[in-house]
Amino acid sequence: MTAMEESQRGRWGSKVAFIFAAAGSAIGLGNIWRFPMAVGQNGGAVFVLVYLIAVALIGFTVMLAELSIGRRGQKNPVGAIEHIKPRSPWKVIGYLGIFGAVCLLSFYSVVAGWAVGYLVKTASGAFRGEITGQLTDRVFTEFSANPWQVLFYFIIIICITTYVISKGVKGGIERWTKILMPMLFVLIVFLAIRALTLPGAEAGISFYLKPDFSKLNGTVILYALGQAFFSLSLGMGTMLTYGSYIPKSDNLVSSAGWVCFSDTLIAFLAGIIIFPTLFAIPGIEPTAGESLVFKVFPLIFSKIPGGLIFGVLFFLLLTVAALTSTISLLEVPVAYFVDERNWSRKKAAWIVGSLAFILGIPSAFSTGAVPFLTNLNFIGNMNFVFGNLWLAVGSLLICLFVGFVWKVKNAAEEIYSGNPRFKLRPLWSFSVKFLTPIVIILILIFIKDMVS
Ligand code: TRP
């Protein structure tokens with residue numbers, strides 16, 4: 001690539017800017033909404049333990065693989081693989097990722113819309129005074145069953161996402177993350193401390209942190225692995241695309257490490273807020289699923305003086321965290337249409353954004369509005385297929401591509417630029433070629449027995 005082309009393509013302003021943007025992609029509803037839901041449905045602490053192992057061994061491996069492909073290929077997923085291995089069928093990784101990203105964006109934006117709805121609800125005093133689990137349960141059920149309300153907030157999310165992406169990488173993505181993500185972190189630490197000091201918090205802490213190994217089974221491993229991919233934005237070419245904007249002088253290993261660490265920390269703290277609160281204030285079950293977080297957070301705000309302000313701030317920051325993730329999802333297909341099809345950024349953003357909107361309508365109507373879709377659990381199934389399976393398959397193919405087609409030797413070349421020593425190379429090589437693919441293949445083989 002010529003210097004001219006390099007300078008035309010977007011670039012992160014600095015190493016820190018990339019880490020913030022990648023952490024902004026990783027940190028989102030996956031940490032605060034999906035992680036506690038998965039913990040609650042999969043036996044508590046034992047899931048947390050498997051999850052942490054999955055992030056360290058498998059998530060980190062795939063992240064480094066994606067970043068190195070992206071930075072070498074200097075393109076969207078399809079173009080990057082074409083650059084590394086011209087005219088090979090491996091481009092399918094890119095197409096799968098692009099399609100998956102649009103589907104994931106569709107239902108993810110519906111849930112992000114719920115956060116906006118809750119921002120408005122909290123601000124208008126729906127959770128004032130002494131509130132109970134029964135009340136928050138009813139509020140959610142009524143809210144999510146109102147089709148026009150859900151649709152309205154969903155459209156807001158899609159429009160903001162599309163608008164930001166139509167403005168491009170630097171102006172759009174960087175600016176959002178720098179101030180607001182640290183604010184979210186501070187608020188979460190504060191809420192975690194409050195939750196831990198609730199009378200009756202112990203039961204929740206022990207559910208969350210004391211593993212009961214009799215609950216360990218294949219389903220727990222599948223969901224933990226899927227959650228690691230989801231939370232770290234892996235398997236769909238998101239990190240690959242972001243990697244293409246990283247300067248050659250950056251250290252990919254430490255960048256990947258920082259993203260994994262900060263993402264896991266936020267998810268862990270979200271659990272510290274949810275489970276003690278859930279067990280201290282009765283009325284909601286840990287297995288509540290998609291609605292869990294929306295039913296539990298209002299409970300903790302009622303236990304804080306000035307809870308209204310904290311509630312509003314929380315849902316505002318959750319919305320922002322979700323937006324930095326929806327933005328990263330939309331960036332994948334848009335980068336493809338801009339790089340490969342010569343569409344303008346604006347045209348690509350609005351066309352793909354509209355598609356995600358149309359695809360998201362059944363999800364928006366599947367929490368009570370339309371009985372047929374509700375019975376199908378449409379949003380839950382989208383979340384399972386595109387949030388677990390698709391990412392696992394994508395990550396598997398990425399590892400096989402790096403391990404056996406591009407070859408670890410060449411990927412390591414890319415990683416040496418910015419990290420001349422790359423001490424983790426032997427471990428990473430083993431994980432990319434064997435450990436990660438084998439674990440994913442085993443999980444996929446046994447999947448039939450797990451989902452009934
Ligand atoms: N990781 C984000 C979250 O936790 C969601 C997300 C953004 C994502 N981009 C992705 C998930 C790509 C999978 C693939 O909220």
Side-chain angles (χ1 to χ4, degrees), residues 20-39 51 54-55 58-59 62-63 65-67 70 76-77 93-94 96-115 157 161 164-165 173 176-177 181 184 188 223-243 256 259-260 262-271 290 293 317-336 352 356 382-398:
F20 266 102
S25 163
I27 297 169
L29 297 171
N31 309 60
I32 292 164
W33 164 71
R34 201 175 189 271
F35 176 74
M37 155 165 99
V39 174
Y51 177 74
V55 169
I58 299 198
V62 179
M63 177 150 332
E66 281 204 32
L67 293 183
N76 66 86
I93 299 175
L96 286 175
I98 288 165
F99 178 74
V102 182
C103 295
L104 207 148
L105 178 63
S106 75
F107 77 83
Y108 192 98
S109 302
V110 171
V111 180
W114 297 351
I157 293 287
T161 306
V164 173
I165 280 294
I173 305 171
W176 282 88
T177 39
M181 300 309 284
L184 176 68
I188 283 181
Y223 276 89
L225 198 61
Q227 176 60 21
F229 295 139
F230 188 100
S231 195
L232 296 169
S233 302
L234 297 174
M236 237 165 216
T238 298
M239 286 299 163
L240 195 159
T241 305
Y242 272 33
V259 176
C260 290
S262 55
D263 184 69
T264 307
L265 182 65
I266 299 271
F268 183 78
L269 289 171
E290 279 84 10
V293 162
L317 293 174
L318 181 61
T319 304
V320 173
L323 280 170
T324 54
S325 303
T326 54
I327 287 166
S328 75
L329 281 164
L330 186 58
E331 176 64 16
V332 177
V334 168
Y336 167 75
V352 182
M382 288 292 282
N383 189 7
F384 179 71
V385 172
F386 293 100
N388 284 342
L389 294 187
W390 211 264
L391 306 180
V393 172
S395 299
L396 170 66
L397 295 176
I398 286 166

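Any value given below was found using the heavy atoms of this structure, including those in side chains, with hydrogens, waters and symmetry copies removed. All residue numbers refer to positions in the sequence shown, counting from 1. Both ligands and their constituent atoms are indexed starting at 1 by order of listing.
- The shortest N/O to N/O separation between Gly30 and ligand 1 falls below 3.5 Å.
- The structure places OH of Tyr242 at 12.0 Å from CE of Met63, a figure rounded to the nearest 0.5 Å.
- Polar contact check, Leu29 against ligand 1: a nitrogen or oxygen pair lies under 3.5 Å apart.
- Residue Ser231 has at least one nitrogen or oxygen atom sitting less than 3.5 Å from a nitrogen or oxygen atom of ligand 1, judged on distance alone.
- Ser25 and Ser233 share a side-chain donor-acceptor pair at under 3.5 Å.
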**Message:** Thr326 vs Ile157, test: side chain to side chain contact (heavy atoms under 4.5 Å, CB included). Steps then yes/no.
**Reply:** CA-CA 8 Å; Thr326 54; Ile157 293 287; 4.2 Å; yes

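- Residue, atom and distance of the protein heavy atom nearest to atom 5 (C) of ligand 1 are Tyr108 CE1, 3.7 Å.
- In the vicinity of Ala26, heavy-atom distances shorter than 4.0 Å reach the ligand 1 atoms 1 (N), 2 (C), 3 (C), 4 (O), 15 (O).
- Put simply, the residue from Tyr108, Phe35, Trp114 that forms a side chain to side chain contact (heavy atoms under 4.5 Å, CB included) with Leu29 is Tyr108.
- Distances below 4.0 Å separate heavy atoms of Ser328 from the following atoms of ligand 1: 7 (C), 9 (N).
- Taking the six-membered ring for Trp and the full ring otherwise, Tyr223 and Tyr51 have centroids separated by 6.0 Å or more.
- Closest protein heavy atom to atom 2 (C) of ligand 1: Ser25 O, 3.2 Å.
- On a distance-only criterion, Phe229 and ligand 1 share no N/O pair closer than 3.5 Å.
- Regarding atom 12 (C) of ligand 1, its nearest protein heavy-atom neighbour is Thr238 OG1, 3.1 Å.
- Considering Phe386, Phe230, Trp33 only, the shortest heavy-atom separation from atom 1 (N) of ligand 1 involves Phe230.
- The distance from the CD1 atom of Ile327 to the CG atom of Leu105 is 10.5 Å, given to the nearest 0.5 Å.
- Partner Phe229 forms a side chain to side chain contact (heavy atoms under 4.5 Å, CB included) with one of Val55, Leu389, Val62 and no other, that one being Val62.
- Closest to atom 7 (C) of ligand 1, if we only count protein heavy atoms, is Ser233 OG, 3.3 Å.
- Atom CG of Leu104 sits about 12.5 Å away from atom CG of Leu330, to the nearest 0.5 Å.
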